[in-house]
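Report on one structure; see the data block that follows.
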Amino acid sequence: MAKSTLFGLYALNAAIASIGIKTSRKTDKHRAWAEINLDNLDHNLSELRRVLPSATSIMAVVKADAYGHGAVRVAKRLYAGGVRFFAVAEIEEAAALRKKGVKGDILILGYTPSDRLEDLIRFNLTQTVTNAEDAERLQAFGKKLKVHIKIDTGMNRLGEPWSHEERILSMYRHSHLIVLGTYSHLAVADSLEPDDVSFTRTQTKRFNDLVERIRDAGLPTGRLHLQSSYGILNHSGLTADLARPGIALYGLLSNDRDRVLADVELRPVLSLKASVTRVAMVRAGESVGYGRSFVASRDTKIASVSIGYADGVPRVLSENGGCVLIRGRRAKIIGKISMDQITVDITSLTDVEPGDTVTLIGQDGDNSISAGEIGRLAGTITNDVLCSIGSRVSRETISLH
Ligand SMILES: *Cc1c(COP(=O)(O)O)cnc(C)c1O
């Protein structure tokens with residue numbers, strides 16, 4: 001910067017200071033925002049591909065707005081990285097992706113009601129057949145539909161139970177159903193306990209045996225898939241045509257203290273940030289926030305921060321030792337979490353000013369707070385923490401490529 005410009009800035013600052021306006025370090029940011037690092041998404045994709053057999057392709061799970069990351073930007077980035085299969089929970093999510101120009105196969109993992117079946121054709125989508133009656137209903141629609149058949153191998157949630165062989169075979173015989181895939185879902189792939197590992201083997205065997213029967217009957221199964229993130233990370237040797245990672249693509253495990261067998265280095269894609277809006281002192285004996293649940297035991301310096309439970313900050317966080325980062329240091333959340341605001345103790349941080357960036361999830365200097373830490377303190381999993389980030393939190397894409 002030229003000296004004259006620099007001097008100009010000093011002069012401007014001095015002028016502002018002299019008329020009593022306090023300058024802040026950041027004024028251009030939104031109230032609460034999430035930074036979505038797409039380079040880290042690329043990295044996680046290549047890590048998962050490295051772990052999987054080369055014949056297994058990724059079906060990226062982008063339901064729930066890609067776990068809060070923004071499904072359109074995530075799907076488009078993954079498509080650019082060679083991913084050609086996507087999965088969502090419901091027709092509305094799938095239609096929204098198509099309307100924004102997302103290409104590739106899109107599988108709807110859940111049930112689609114009869115009055116929305118026309119949209120399967122209109123948006124060129126692939127529908128899960130959730131059991132034998134569902135197959136009849138889809139057949140009765142009277143138009144060709146692309147489907148994957150779901151087999152329940154022990155999760156007891158969705159799919160035709162694996163033991164109903166005849167009913168399963170019937171699902172493949174409907175003239176209007178173009179079967180492009182057959183899949184199941186593992187219930188305990190996250191666990192390395194011997195009983196759980198053995199249950200995963202049981203599920204896998206049920207699936208493989210059934211696939212053999214279907215083929216023996218001369219019926220095409222289409223692409224086979226079983227594994228979500230933990231299935232990939234703990235059972236990478238399974239042979240399948242597709243694998244369906246969600247949380248691992250976003251750079252996290254569901255529980256950050258889980259141990260997994262695959263040697264992967266995952267990088268969190270999302271950071272969650274807000275701003276300091278006020279700095280104040282409360283005297284010993286004074287309370288902060290709703291219900292007066294926090295009472296200062298000594299004179300306490302506090303900062304108000306522009307994010308609350310409507311933005312996805314779990315309300316229990318302040319009772320369980322939740323913290324944020326300001327200027328690279330930890331500050332404890334105090335008092336009840338409000339809908340749009342939280343209050344933090346900054347007594348030991350001398351230099352905090354309104355406008356300072358506050359990190360709720362992510363890195364600041366040498367410190368970081370993971371979605372895993374928040375999940376642990378809130379008694380839930382990282383998937384839930386990410387999906388709970390509110391729609392009014394703006395998403396900003398970060399990428400050097
Ligand atoms: C959500 C979901 C996934 C992805 O699960 P992660 O644990 O996030 O990898 C895969 N398959 C099905 C059927 C799902 O519902």
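Residues take their numbers from the sequence shown, with the count starting at 1. For ligands, and for the atoms within them, numbers begin at 1 and follow the listed sequence. The structure displayed is predicted, hence computed values, not measured ones.
- Partners of His225 under the ring pair (Phe, Tyr, Trp, His ring centres under 6.0 Å) rule, at least two apart in sequence or in another chain, are His148, Tyr183.
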Which atom pairs, nitrogen or oxygen on both sides, join ligand 1 and the protein at under 3.5 angstrom?
{"residue": "ligand 1", "atom": "8 (O)", "partner": "Tyr67", "partner atom": "OH", "Å": "2.5"}
{"residue": "ligand 1", "atom": "8 (O)", "partner": "Ile247", "partner atom": "N", "Å": "2.9"}
{"residue": "ligand 1", "atom": "9 (O)", "partner": "Ser229", "partner atom": "N", "Å": "2.9"}
{"residue": "ligand 1", "atom": "9 (O)", "partner": "Ser229", "partner atom": "OG", "Å": "2.5"}
{"residue": "ligand 1", "atom": "9 (O)", "partner": "Gly246", "partner atom": "N", "Å": "2.8"}
{"residue": "ligand 1", "atom": "11 (N)", "partner": "Arg244", "partner atom": "NE", "Å": "2.9"}
{"residue": "ligand 1", "atom": "11 (N)", "partner": "Arg244", "partner atom": "NH2", "Å": "3.4"}
{"residue": "ligand 1", "atom": "15 (O)", "partner": "Lys63", "partner atom": "NZ", "Å": "2.7"}

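- Not counting sequence neighbours, Phe207 has no partner by the ring pair (Phe, Tyr, Trp, His ring centres under 6.0 Å) test.
- With sequence neighbours excluded, no residue forms a ring pair (Phe, Tyr, Trp, His ring centres under 6.0 Å) with Tyr230.
- At a threshold of 4.0 Å, the pair Lys150-Asp134 does not count as salt-bridged, since none of the basic side-chain nitrogens sits closer than that to a carboxylate oxygen.
- Annotation: the span from Lys144 atom NZ to His174 atom NE2 amounts to 12.5 Å, rounded to 0.5 Å.
- When the shell of 6.0 Å around CG of Asp366 is examined, it contains 12 or fewer heavy atoms from other residues, nucleotides or ligands.
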